[in-house]
> 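Take this structure first; my questions come after.
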Number of protein chains: 2
Amino acid sequence: MALPRSGDNRRPLTLRDVSEACGVSEMTVSRVLRNREDVSPATREKVIAAARSLGYVPNKIAGGLASQQVNLVAVIVPSLSNMVFPDVLSGVSKALEDSGLQPVFGVTNYSPEKEEEVLYEMLSWRPSGVIIAGLEHTEAARAMLENAGIPIVEIMDSDGEPIDSVVGISHRSAGRQMAEAIVAAGYRKIGFLGTKMADDHRARKRFEGLTEGLAEHGIEIADTEFYSGGSALKKGRELTEAILTRSPDLDFLYYSNDMIGAGGLLYCLDKGYDIPGKLGLAGFNGTDFLDGLPMQLATIDACRHEIGEKAASIIAGKGFEDGVIGGHRIELTPRLEAGDTIRR
Amino acid sequence: MALPRSGDNRRPLTLRDVSEACGVSEMTVSRVLRNREDVSPATREKVIAAARSLGYVPNKIAGGLASQQVNLVAVIVPSLSNMVFPDVLSGVSKALEDSGLQPVFGVTNYSPEKEEEVLYEMLSWRPSGVIIAGLEHTEAARAMLENAGIPIVEIMDSDGEPIDSVVGISHRSAGRQMAEAIVAAGYRKIGFLGTKMADDHRARKRFEGLTEGLAEHGIEIADTEFYSGGSALKKGRELTEAILTRSPDLDFLYYSNDMIGAGGLLYCLDKGYDIPGKLGLAGFNGTDFLDGLPMQLATIDACRHEIGEKAASIIAGKGFEDGVIGGHRIELTPRLEAGDTIRR
DNA sequence: CTGAAAGCGCTAACAA
DNA sequence: TTGTTAGCGCTTTCAG
């Protein structure tokens with residue numbers, strides 16, 4: 001006996017059902033439903049009425065197979081739970097609006113293997129393009145991207161060799177930029193707090209940039225504190241307490257993201273540290289929730305929304321009618337926002 | 001002349017290419033690639049080697065059409081930019097792991113029309129199930145869901161009649177629960193701060209529950225402050241300043257989400273309000289970033305991750321081997337976390 | 001402007 | 001265990 005089941009087993013409607021309902025050939029129904037111009041208004045109306053009243057939903061599987069075209073853009077990011085990627089995705093969505101393309105999101109949790117899986121899965125739907133975070137991929141993933149035969153845009157990071165196009169910022173130079181600001185403000189004993197960076201290449205590059213930038217002034221990072229897991233205010237507090245307990249003489253703390261930076265800021269304010277006088281602080285990302293904190297945390301804007309928008313525009317072929325599609329290299333310039341937590 | 005273009009026009013590989021490369025029939029290649037058991041180890045290895053070395057990626061469009069099965073689950077949520085839906089999505093991803101199903105995310109920006117579009121688009125890919133936030137949909141969207149012939153799970157909200165299955169909490173009773181706690185703690189002049197609720201039905205239901213709960217004790221909401229746009233700390237500060245300036249005699253502020261609540265809390269601490277003595281505060285969602293604030297904001301946990309997980313389990317048919325698939329109703333019980341911002 | 005025929009790349013069903 | 005055949009539902013192409 002058949003189980004009672006949600007969605008009874010009515011066969012989904014096909015073009016043929018609509019065709020029969022309105023006495024127009026399948027072919028013409030198909031034309032109407034794809035908004036093609038070469039159909040008489042009378043026929044068009046008949047078809048639309050029939051399709052609507054039946055509740056017909058086209059089958060893109062069949063359509064995609066027949067036309068060898070799929071209006072999907074695969075967007076692959078490491079995480080949704082911090083404040084950075086949702087912004088990127090909204091930029092993508094915005095740029096794809098009215099392009100006829102549809103973004104499809106996949107999440108890798110900063111795991112190269114998971115990225116490879118997600119990519120494989122997505123490519124098997126033959127999307128029109130891929131937007132993928134970062135320049136570091138497994139060998140297999142690189143091969144898939146290279147052979148996909150569609151535009152690929154690597155985003156967020158411009159420090160390295162892209163497969164096809166790239167839209168991002170240099171995290172290395174963001175790190176150096178922060179180093180300059182820190183040194184210029186007179187801080188000398190610098191601590192770094194952030195994720196364990198095995199697979200967060202952008203955080204690593206910022207760290208390296210910071211290290212290099214400081215080295216040019218003869219300064220070495222005085223202490224570091226690493227953690228794993230998502231970004232959270234509480235983590236920021238804990239890390240800050242740990243590093244300041246161990247190295248009370250630090251006069252600057254650089255955080256690998258704004259959220260833990262904000263946690264650190266709240267901790268320091270609680271404890272009565274003199275900020276930015278005796279202790280300076282900075283984060284990274286330029287997330288707008290910093291606006292509501294008691295002091296404005298210094299940060300570098302990662303241009304998240306704009307990156308998403310530009311990347312999607314490349315796929316959609318908008319704004320690049322210069323005869324070349326693909327192979328674009330767009331490096332955005334991150335702005336340092338000194339806020340209230342660096343001495344002036 | 002052809003433009004230089006990313007992804008040159010190599011024809012994507014087909015099963016046939018793999019078949020020819022290893023001298024095994026297309027059908028058997030297909031079996032191997034779908035991990036079917038009925039292939040000899042020797043053949044299997046030959047096929048896998050050939051597929052790998054060619055870099056073959058199966059075409060799910062064709063596969064889906066032939067098998068009338070698509071391993072996609074459509075997940076439709078209003079927003080990614082607040083802290084609630086990413087948690088839901090991670091619950092979904094977790095539950096779908098190893099089920100062979102793949103979540104696909106769509107975002108509606110709290111617009112019923114956009115929801116309808118996204119749904120139409122997703123249904124046209126003939127997914128195996130739909131997880132969609134809320135019980136309120138356009139008439140057309142309802143019709144599509146009812147006729148899709150696949151399991152539908154409406155999530156987040158249990159106040160209303162689901163189309164098929166539902167997993168959520170009662171926002172109305174969450175509002176009442178908060179009203180009880182507020183009254184029990186002795187607060188009497190209550191202010192409400194939140195989004196304009198035209199399309200945020202869950203925020204509306206919480207507001208209604210709060211109103212009803214207070215009414216039972218002869219209390220009316222003393223003042224309200226509405227805004228539009230995303231949740232942000234800064235918004236919380238501004239709203240709080242506005243409402244307390246206009247109604248300085250308020251002794252409790254109820255926020256429609258934790259983020260603006262946190263902004264309000266920081267504002268009140270800045271201004272030296274006696275919390276929770278003279279002024280109580282509460283938010284909603286139970287987002288874990290509250291942990292790092294100077295005081296723990298009272299909140300009600302919306303069970304986000306669990307909702308995503310249970311909803312996905314229904315689609316995957318896990319944990320429901322009682323002879324019925326579909327038509328499940330799971331109402332979770334939100335926990336009130338009084339934190340430090342309600343008097344004891 | 002409309003229709004008929006062929007086939008997209010794969011898999012169900014059956015045959016060997 | 002492997003191969004053959006016949007579509008899946010749509011769109012391309014070409015003919016009217």
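All chains are named by letter (A, B, ...) in the order of the sequence lines, taking the proteins before the strands, and each is independently numbered beginning at 1.
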> Is there a side-chain contact between Tyr56(A) and the phosphate of dC10(D), meaning an N or O under 4.0 Å from OP1 or OP2?
yes
> Would one find more than 12 heavy atoms of other residues, nucleotides or ligands at under 6.0 Å from atom CD of Gln69(B)?
no
> Counting heavy atoms from C-beta on, name the nucleotide in dT13(D), dG3(D), dC10(C) closest to the side chain of Arg31(B).
dG3(D)
> Restricting to nitrogen or oxygen on both sides, can you table the protein-nucleotides 5-8 of chain D pairs closer than 3.5 Å?
residue	atom	partner	partner atom	Å
dC8(D)	O3'	Gln68(B)	NE2	3.1
dC8(D)	O2	Leu65(B)	O	3.4
dC8(D)	O2	Ala66(B)	N	3.2

> Is there a donor-acceptor pair closer than 3.5 Å between any side-chain N or O of Ser79(B) and the backbone N or O of Asn109(B)?
no
> Under 4.0 Å between a side-chain N or O of Thr14(B) and OP1 or OP2 of dG9(C)?
no
> Measure from CG on Leu15(B) to P on dT4(D) and round the result to the nearest Å.
14 Å
> To the nearest angstrom, how far is Asn59(A) atom CG from dC8(C) atom P?
18 Å
> Taking salt bridge (charged side-chain N to carboxylate O under 4.0 Å, His left out) as the definition, give me every residue that meets it alongside Arg34(A), ordered by chain and number, with sequence neighbours left out.
none
> Between P on dT11(C) and CG on Leu33(B), what's the gap in Å once rounded to a whole number?
8 Å
> Tell me, which of residues 34-45 of chain B have any heavy atom that sits under 4.0 Å from an atom in DNA chain D?
Asp38(B), Val39(B), Ser40(B), Thr43(B)
> How about Asp87(A) and Ser90(A): does a side-chain donor come under 3.5 Å of a side-chain acceptor?
no
> How many Å lie between CD1 on Ile61(B) and P on dC10(C), as a whole number?
11 Å
> Under the rule for side chain to side chain donor-acceptor pair (under 3.5 Å), what residues qualify as partners of Thr108(B), not counting sequence neighbours?
none
> Could you tell me which residues satisfy side chain to side chain contact (heavy atoms under 4.5 Å, CB included) with Val39(A), sequence neighbours excluded, listed by chain and number?
Thr28(A), Arg31(A), Val32(A), Thr43(A), Arg44(A)
> What is the separation between atom CZ on Arg16(A) and atom P on dG3(C), rounded to the nearest whole Å?
14 Å
> Over the length of the helix from dC1(C)-dG16(D) to dA16(C)-dT1(D), how much do the five-pair end axes diverge, rounded to 10 degrees?
30°
> Counting only pairs under 3.5 Å, give me each side-chain donor-acceptor contact of residues 48-59 of chain A, with atom names and distances, residues two or more places apart or in other chains.
residue	atom	partner	partner atom	Å
Ser53(A)	OG	Ala50(A)	O	3.3
Asn59(A)	OD1	Ile61(A)	N	2.8
Asn59(A)	OD1	Ala62(A)	N	3.1

> Taking only N and O in the side chain of Ser30(A), is any of them less than 4.0 Å away from OP1 or OP2 of dT11(D)?
yes
> Give me the atom names and distance for the closest heavy-atom approach of Pro12(A) to Asp17(A).
O-OD2, 4.4 Å
> Under 3.5 Å, side chain of Ser165(A) to main-chain N/O of His328(A), donor-acceptor pair present?
yes
> Scan for salt bridge (Lys or Arg N to Asp or Glu O under 4.0 Å) pairs involving residues 104-113 of chain A, sequence neighbours excluded, and state none if there are none.
none
> Could you walk me through whether Arg142(A) and Glu161(A) pass salt bridge (Lys or Arg N to Asp or Glu O under 4.0 Å), step by step?
CA-CA 12 Å; Arg142(A) 267 196 88 86; Glu161(A) 273 313 304; over 6 Å; no
> List for me each residue that meets side chain to side chain contact (heavy atoms under 4.5 Å, CB included) alongside Ser19(A), sequence neighbours excluded, and say none if there are none.
Glu26(A), Val29(A)
> Pull out every residue in residues 17-25 of chain B that has a heavy atom closer than 4.0 Å to any atom of DNA chain D, ordered by number, or say none.
Val24(B), Ser25(B)
> How close or far is atom C1' of dT4(D) from atom CD of Glu26(B), stated in whole angstroms?
11 Å
> Tell me, please, which residues at least two apart from Arg202(A) pass salt bridge (charged side-chain N to carboxylate O under 4.0 Å, His left out).
none
> Residues two or more places apart in sequence or in another chain: which of them pass side chain to side chain donor-acceptor pair (under 3.5 Å) with His137(B)?
Glu115(B), Glu154(B)
